[in-house]
Amino acid sequence: MDILGILIPVSLFMGGLGLAVFWWMLRKGQFDDPEGDAHRILRDDYDDHPK
Amino acid sequence: MTAYADPQRPSACPACDAAPLAEQMAGAALKDARLMLALPGIHCAACISGVERLLLAQPGVRDARVNLTLRRVSVQADPEVEAEALCATLAAAGYEAHELDPGLLAATEIDARGRALLMRLAVAVFAMMNVMLLSVAVWSGAEGVTRDMMHWISAAIAIPAVIFCGQPFYASAFGALRAGRLNMDVPITLAIVLAVGTSLYETTLSGEHAYFDAAIALCTFLLAGRYLDHRTRANARSAAQELAALEVPRALRLTGQGTETVAAASLLPGDLVRVLPGGRVPVDGTVTDGHTELDRSIMTGETLPAAIAPGDPVRAGEANLTGPITVVVEAAGRNTELARIGDLVAVAEAGRNNYTSLADAAARLYAPGVHIVAVLAAAGWWFYTMDIRVALNIAAAVLIITCPCALGLAVPAVTTAASARLFRKGMLIKNGTALERLAEVDTVVFDKTGTLTDGAPRALGLDALPGDAAGVALALAEGSAHPLASALAKALVAVGTVPAPVQGIREVAGFGIEGRWGDIPVRLGRIGWVGGGAAVETTATYLRIGSAPALPIRFADRLRDGAADLVAGLKAQGKAVVLVSGDAQAAVHHFARAIGIDDVLAEARPEDKAEAVAALAAKGAKVLMVGDGMNDTAALAAAHVSISPASALEAARAASDIVLTGRNLLPILDAMATARASRARIKENFTIASIYNLLAVPLAVAGLCSPLIAALAMSSSSLTVSLNALRLR
């Protein structure tokens, strides 16, 4: 059962990482225009500085 | 609108908050460098590129970013760039564009609340997954030190998570308790606090049962319900605001040097404003210069345009048809007749707020019931064992089992599914309880002009015109933009008429059009001006050739698409259908016979309409009001539930619960069917949730409810309820 001492912190850390990434995406407004973002990747124009 | 002016007053719908905001900011809009345009037509990647490239190519535009989800583009530009010019450029390239009021900018920022909810939900899901995983070890038989360790780690995750995620519930419960009421959030808060408290106490004593997983799962499911609820409302709200923001009230003020565009609200009595043909009168006042005809249908429901000469009074909201006029301002902004009708709306709306939704009714039964059962169970066990620890454990188990997880999801899940379905069919649900109320409707009251009809006239009996007369009429009619003239011209061209050679065509604003056909003077217009006959009782224009008697050309309103089918469909369902219009008796009765409505009230003033609705309600009828004009707003607000078309005046849309986004009226039938289905679905959901409770509560009271059973009952009831709601899509 000693392995739990490693596994539990590891799983918590990874879950926390996911949470932090989600928080970052939310702040960056990545959920503001889901439909537009889905279409934008299909554009032909080359974008040097994607926003 | 005085009624909406006070920012302290929480109004019935957020769109009402946006309207005054939009008015206030209209002035600032002229200087703002950030512009918002609505693009209702865009739908693909090529549209995004096209719009952005086009806008970036305009001088002065620094940045343009399309939001396809909201169908908007936000433009950063130098102050001198005009939104109107950008709209015209886009329209020329084939993209329909409208200027939006920057009041909307504030509205998009309001969704910080939605983001906060989503963040809490994310934290709750994270914590729940981890705690559940740790609990699996406990459920599968961990003992002694291992179990204690699992409980401690669960506590370390669950306690901060519950404190952070549950804030919306704690705040609402605290507010309700302070006001001396019980709401759904009181048992929720109590369950969370008691579950976490007793579990922590148990853990310090190395106890067997800890409900950390249940507490955090509770938070998660309830937050999911709250978030769904919020999103449905936010979507409808932003769309409704968009409609509101399309109308920026502006006026052309005459100054010594010329004219300047100002916000209508900033005008003062005594100012002179110019109203061009095609524009709406922005103020109440008196005409000082110019002849024209005014379309008063939005204020009174009259289809026949009124002739206006200097000295005649005009009111805000009336549309100028033929000639430019100058108006001296008597009342502007909140003091106009238009705004006063808005006050009627506020009074009528106050009555509707008393509606008890199914969720409220359930909560009213539920909250005290839960507390009584929990207290009785705890007291019983305390007397039986004289052990406060056992009693508290039982109370916590009962509260967790009965906690309205499924109830919290039952209504939002259904309304979300139903709103999404109706949105696809072209309806915006502005109010959370609108669907429930729509399901109860047994009487439908329609307005005529602009609701059942398009408001656009159609010429009748053109075959009866002698050959020459038709040609002359066409030649004259083509010389004017007046709605009757253009309708006549369109109808004559459609039957293959060739214009006669009429010379010197001249429009006499407010009266008609005249010219010379060879040597004969010809006139088309009002009977009093063309002479040679008496007026007929329906809407008509008159053609006089030389000194022959005037020929009347009659007009009828064109039915809106789907109007006839809608009335037939409603009657087939056994609903009572009533027509209430401000138009003249003859016109209304003629129309009612044509569409098949027997119950008619004509020449109704705005108060009469509201009274008619109130009288029906007093007889026990649940009234659905469908209307579009300023004269309908009080009736819309007084009705049990109300619908307005997108072409309606902003105040009418603000007063109604549901807005039709398309031109067709038929979606109303769909909406009523969906409303009945969603009501049935909500009731089913309540039944499902109660069955789970009835099965699990005896276990909890008997002390047989382990955390595993609590977790299973909670998750499965929430899942069933959500899946049942999804059947509506």
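These values consider heavy atoms only, across backbone and side chains, with no hydrogens, waters or symmetry-generated copies. Keep in mind that what you see is a predicted model, and the values were worked out from it rather than measured. Lettering follows sequence order; numbering is per chain, from 1.
- Smallest separation of non-hydrogen atoms from A/Gly15 and B/Phe126: C-CE1, 3.1 Å.
- Of the two parts of B/Asn67, the backbone and the side chain both hold a non-hydrogen atom closer than 4.5 Å to a non-hydrogen atom of chain A.
- Ranking A/Leu12, A/Asp37, A/Ile41 against chain B, the residue ahead of the rest is A/Leu12, based on heavy-atom pairs under 4.5 Å.
- Looking only at side-chain heavy atoms (C-beta outward), B/Val66 and A/Arg40 come within less than 4.5 Å of each other.
- Closest non-hydrogen pair, B/Leu68 versus A/Gly36, comes out as CB-CA, 3.4 Å.
- Heavy atoms closer than 4.5 Å to chain A are found in both the backbone and the side chain of B/Val123.
- Here the closest heavy-atom approach between residue B/Arg115 and residue A/Leu26 is recorded as NH1-O, 3.4 Å.
- In this structure, chain A has a heavy atom under 4.5 Å from the side chain of B/Leu134, while its backbone stays farther away.
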